[in-house]
Amino acid sequence: MTSVIPQGLSEQVRALAGGEVSSRALVERTLDRIAETQGTLNAFRRVRAEAALREADEADRLLAAGRRLPLLGVPIAVKDDADVAGEPTAFGCRGEFPPKTEDCEAVRRLRAAGAVVVGKTNTPELGQWPFTEGPAFGLTRNPWNPDHTPGGSSGGSAAAVAAGLVPAALGSDGAGSVRIPAAWTHLIGVKPQRGRISTWPEAEAFNGITCYGSLARTVEDAALLLNAATGSHPGDLHQPPPVDVLSAVRRDPGRLRVALSLKPPFTGTHKHLDPVVRAAVLRLAERLAALGHEVVEAEPRYGVGVGLSFLPRAMAGLWEWSSHVPDRALLDVRTLTAVRHGRLLGGRPLRLARAAEEPLRRRVGELFSRDGHGFDVALSPTTATPPLRIGTMAELNSWHTDRATIAACPYAWPWNVLGWPAVNVPAGFADEDGTLPLGAQLLGPANSEPLLISLAAQLEADQRWYERWPGGVRAGAAGLG
């Protein structure tokens with residue numbers, strides 16, 4: 001067997017199937033790397049060391065017997081809002097949570113594909129913020145620059161992938177929570193169509209705005225994890241038609257019309273696109289034009305309704321999830337404020353917010369309609385700023401935290417209201433040293449994951465983002481010894 005651990009998810013799948021490496025070797029190396037970095041990066045809330053090694057041994061037995069599954073024997077991580085049998089789901093909160101008796105549907109599907117879940121990654125309380133910090137677990141740091149956050153709320157998953165601890169991880173996205181940390185850690189982050197990955201045992205998560213998504217270093221790896229987790233449970237409220245994301249990785253997207261959108265939606269609060277982010281997105285737009293696509297500045301017609309539709313759904317979702325917390329008194333005072341608002345917004349305001357979704361889809365959908373503008377894809381910043389410094393919002397009250405969050409991350413959340421797919425791609429760095437990653441979003445209409453993935457793969461072949469690693473990570477992660 002090889003003495004070098006392959007880095008990518010697809011590479012590890014192929015190496016395992018070819019007998020070049022064992023699942024135990026992959027999992028042992030992963031556990032070693034987690035232990036080495038936990039005191040600095042702090043990516044994980046729970047590590048399943050003994051269980052993961054047992055599952056790796058079983059995967060090796062199946063591989064030796066000739067069994068082949070899409071992810072057989074590969075170590076992955078999942079965010080700590082996904083149920084894993086035998087582990088608590090604390091979702092960033094303090095308190096004693098009981099172990100879950102069953103996997104959630106997404107984790108069940110990943111395990112059925114052969115994946116070994118090595119642990120659960122850190123997330124801020126109830127996934128609210130674009131930073132992964134909290135009294136329950138401390139500070140999760142960015143592998144590219146430990147003085148900065150990896151983002152949130154899937155910050156632990158992003159940090160684990162960016163640092164080479166795992167080749168891919170499951171996150172969740174309710175207002176950009178896959179795409180924001182992907183942008184700030186130089187990763188591919190896929191937010192799929194609502195319902196593409198089941199949220200069961202919840203029929204829908206956060207009143208339909210939250211979905212699971214994949215984080216990986218390459219488009220192929222993100223698509224592979226997405227495909228393995230995809231599928232519906234009979235109780236799901238949203239069950240979109242199937243799409244083929246795997247073949248899209250190697251499919252030419254054709255010549256597309258791309259809407260370059262730099263204006264954030266209306267929120268009634270101050271927002272400013274950092275010039276370094278604007279320049280990075282414009283450089284990506286130029287590359288798309290050089291690849292043969294037509295790029296035209298155009299803005300989705302969000303209006304004021306998108307914010308009014310988002311807020312009650314998010315706040316009521318926080319109220320509902322807070323009922324699972326053993327002791328609400330242990331919650332951050334900002335969370336308690338949001339929970340109180342959610343209780344008030346969970347009746348008629350929530351019903352009105354949900355009723356506004358379809359008219360909003362029609363209005364924003366004009367951007368993609370052949371009877372309207374006829375664009376295939378939109379390109380926008382993923383965030384308005386480079387990665388925030390650790391502790392930037394630690395001492396802020398609820399009102400100022402919300403305003404600072406909107407100012408840093410005003411671009412991602414409308415697609416959660418719409419329920420449509422979006423993919424973050426790396427867009428360069430904010431500093432000359434290459435320690436502050438930036439991202440851009442590819443946004444599409446309903447069920448457009450194959451097109452977005454195909455275009456992301458074309459950009460990746462041109463830009464070769466995956467060749468850049470945080471300082472010292474690749475050398476530290478590559479060998480067995």
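Heads up: numbering here begins at 1 and tracks the sequence. Values below: all heavy atoms of this structure, side chains included; hydrogens, waters and symmetry mates excluded.
Look at Glu294 and Arg257 and you find a salt bridge, because one of the NZ, NE, NH1 or NH2 atoms lies within 4.0 Å of a carboxylate O, short of that distance. Here Arg363 does not pair with Glu357 in a salt bridge; the nearest charged N to carboxylate O distance is not below 4.0 Å. Using a cut-off of 4.0 Å between Lys/Arg side-chain N and Asp/Glu carboxylate O, Arg370 and Asp376 are scored as salt-bridged. Ion pairing between Glu220 and Arg250 holds under the 4.0 Å rule for side-chain N and carboxylate O. Residues Glu105 and Arg111 are not paired through a salt bridge, judged by the lack of any N-O separation under 4.0 Å between the basic side chain and the carboxylate. Ionic pairing of Glu36 and Arg33 is present here: one or more N-O contacts between side-chain nitrogen and carboxylate oxygen are shorter than 4.0 angstrom.
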query = Taking it one step at a time, do Ser157 and Val161 satisfy side chain to side chain contact (heavy atoms under 4.5 Å, CB included)?
reply = CA-CA 6 Å; Ser157 287; Val161 176; 5.7 Å; no
query = Where do Ile180 and Asp173 land on the side chain to side chain contact (heavy atoms under 4.5 Å, CB included) test, with the steps shown first?
reply = CA-CA 9 Å; Ile180 292 165; Asp173 192 314; over 6 Å; no
request  = Kindly indicate, with the supporting measurements, whether the criterion side chain to side chain contact (heavy atoms under 4.5 Å, CB included) is fulfilled by Arg301 and Leu367.
outcome  = CA-CA 8 Å; Arg301 292 181 57 224; Leu367 188 73; over 6 Å; no
request  = Test side chain to side chain contact (heavy atoms under 4.5 Å, CB included) on Leu225 and Leu215 and set out the steps.
outcome  = CA-CA 8 Å; Leu225 189 74; Leu215 291 134; over 6 Å; no
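Side-chain contact, Lys79 with Ser154: a donor N or O sits under 3.5 Å from an acceptor N or O. No hydrogens or angles considered: a donor-acceptor pair under 3.5 Å links the side chains of Ser247 and Asp244. Checking Asn122 against Thr140 by side-chain atom types alone, a donor-acceptor pair falls below 3.5 Å. A donor-acceptor contact under 3.5 angstrom links the side chains of Thr269 and Thr267, judged on distance only. When only modelled atom types and interatomic distance are considered, Ser261 and Ser380 share no side-chain donor-acceptor pair under 3.5 Å.
Asn416 pairs with exactly one of Arg179, Arg194, Lys191 by the side chain to side chain donor-acceptor pair (under 3.5 Å) rule, that one being Arg179. When each of Thr218, Asp221, Asn424, Val423 is tested with Ile188 by the rule side-chain contact (heavy atoms from CB on, under 4.5 Å), just one qualifies, namely Val423.
Of all heavy-atom pairs between Pro146 and Ile390, the closest is O-CG1, 3.8 Å.
With contacts defined as side-chain heavy-atom distances shorter than 4.5 Å, the pair Phe44/Val118 qualifies. Side-chain contact between Leu388 and His148 is absent, with no heavy atoms from C-beta onward closer than 4.5 Å.
Ring centroid separation for the pair Phe429 and His186 comes in under the 6.0 Å cut-off.
The aromatic rings of His233 and Trp200 lie parallel to each other, their planes meeting at an angle below 30°, with 60° marking the opposite boundary. Relative orientation of the Trp415 and Phe368 rings is perpendicular, given thresholds of 30° and 60° on the angle between their planes.
Residues that satisfy the side-chain hydrogen bond (donor to acceptor under 3.5 Å, both in side chains) test with Asp83, not counting sequence neighbours, are Thr89.
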